Peer 1: 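Pasting a structure below so you can have a look.
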Amino acid sequence: MSSAYLWVKAFHIVFVASWFAGLFYLPRLFVNLAMVAPDSHAERERLLLMSRKLYRFSNLLMVVAITLGLVLWLGYGVGQGQGWMHAKLLLVVGVIGYQHVCRTMLRRFEQLANQRSHRWYRVFNEVTVLLFAAIVVLAVVKPF
């Protein structure tokens, strides 16, 4: 293994973990937004500001993580033609979709159009844990 490959792999892991950290916390902010009292405008605006900034930062992390993953896959041939990689890529597409669903939810909070409870967002928040665990298992164990 070349030194360049190891650097790309290391930074891919760092950016994937950072991206997921954002995805773990953003729905947590939605839980808090769903619990804000209707007359608490300052708290709502503060949480919306935090959510917007975290969403934008998570998008940046996502782009770098995916770019480095593509370098590993297409540039170094990692996982090419292997079933575990196809499953992992399918889950990554799911995570990208999850990120875009979060954007839609954020827009609903901005428009005062949220219809979901804080309990619903607590469950929604756990989806990223399952996706992250499945992706890590596929990448490390390579079960098929």
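This one's a predicted model, so the numbers in the text were calculated from it and none came from an experiment.
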Peer 1: Verify the cluster assignment for W7 and V16: are they in a single hydrophobic cluster under the rule of side-chain heavy atoms below 4.5 Å apart?
Peer 2: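 Same cluster.
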Peer 1: Closest heavy-atom contact between H118 and V31?
Peer 2: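 Smallest interatomic distance, heavy atoms only, reads CB-O, 3.6 Å.
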Peer 1: Can Y25 and M50 be said to form a side-chain contact (heavy atoms from CB on, under 4.5 Å), step by step?
Peer 2: CA-CA 10 Å; Y25 194 64; M50 291 169 60; 4.2 Å; yes
Peer 1: Identify whether L49 and L112 are in the same connected component of the hydrophobic contact network (ILVMFWY, side-chain heavy atoms under 4.5 Å).
Peer 2: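 No, no single cluster joins them.
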Peer 1: So, for W19 and F15, is the gap between ring centers shorter than 6.0 Å?
Peer 2: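 Centroid distance W19-F15: not below 6.0 Å, so no.
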Peer 1: Determine yes or no for a side-chain-to-main-chain donor-acceptor pair under 3.5 angstrom, with S40 supplying the side chain and V36 the backbone.
Peer 2: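 Side chain of S40 to backbone of V36, a donor-acceptor pair under 3.5 Å: no, none is there.
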Peer 1: Would you call the rings of F132 and F24 parallel, tilted or perpendicular if under 30° counts as parallel and over 60° as perpendicular?
Peer 2: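 Rings of F132 and F24: perpendicular, as their planes differ by over 60°.
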Peer 1: Begin from the C-alpha positions of F124 and M105 and carry the test side-chain contact (heavy atoms from CB on, under 4.5 Å) through to its verdict.
Peer 2: CA-CA 11 Å; F124 178 75; M105 291 175 177; 3.7 Å; yes
Peer 1: Checking side chain to side chain contact (heavy atoms under 4.5 Å, CB included) between L23 and each of L54, N125, L61, V95, which is the one that passes?
Peer 2: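 Of the listed residues L54, N125, L61, V95, the side chain to side chain contact (heavy atoms under 4.5 Å, CB included) partner of L23 is V95.
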Peer 1: Just do the side-chain contact (heavy atoms from CB on, under 4.5 Å) check on H86 and Q82 with the steps written out, would you?
Peer 2: CA-CA 7 Å; H86 294 117; Q82 297 179 357; 6.0 Å; no
Peer 1: With N59, which of H100, Q99, R103 fulfils side-chain hydrogen bond (donor to acceptor under 3.5 Å, both in side chains)?
Peer 2: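 The option that passes is Q99.
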Peer 1: A quick test of your reading: do over 12 heavy atoms of other residues, nucleotides or ligands sit less than 6.0 Å from CZ of R119?
Peer 2: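 For R119, atom CZ is not crowded (no more than 12 foreign heavy atoms under 6.0 Å).
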Peer 1: Take L33 and N114, measure what side-chain contact (heavy atoms from CB on, under 4.5 Å) needs, and give me the verdict at the end.
Peer 2: CA-CA 9 Å; L33 276 163; N114 174 53; over 6 Å; no
Peer 1: Search all heavy atoms of S58 against all heavy atoms of G22 and return the closest pair with its distance.
Peer 2: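 Heavy atoms only, the tightest pair is OG-CA, 3.4 Å.
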Peer 1: Could you tell me which non-hydrogen atom of V63 sits nearest to which non-hydrogen atom of T67, and how far apart they are?
Peer 2: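 For V63 versus T67, the nearest heavy atoms are O-OG1, 2.7 Å.
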Peer 1: Assess whether atom CH2 of W73 is packed by more than 12 heavy atoms of other residues, nucleotides or ligands within 6.0 Å.
Peer 2: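 12 or below, so no.
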Peer 1: Could you pull out the closest heavy-atom pair between L68 and V8, with the gap in Å?
Peer 2: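 The answer is O-CG1, 3.8 Å.
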Peer 1: Starting from M85, can I reach I13 by hopping between I/L/V/M/F/W/Y residues whose side chains sit under 4.5 Å apart?
Peer 2: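 As far as the 4.5 Å side-chain criterion goes, M85 and I13 are not connected within one cluster.
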Peer 1: Would L72 and V93 show up in the same hydrophobic cluster when neighbours are defined by side-chain heavy atoms closer than 4.5 Å?
Peer 2: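 Not linked; separate clusters.
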Peer 1: Verify the ring-centre separation between Y121 and F109: is it less than 6.0 angstrom?
Peer 2: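 Between F109 and Y121, the centre distance is under 6.0 Å.
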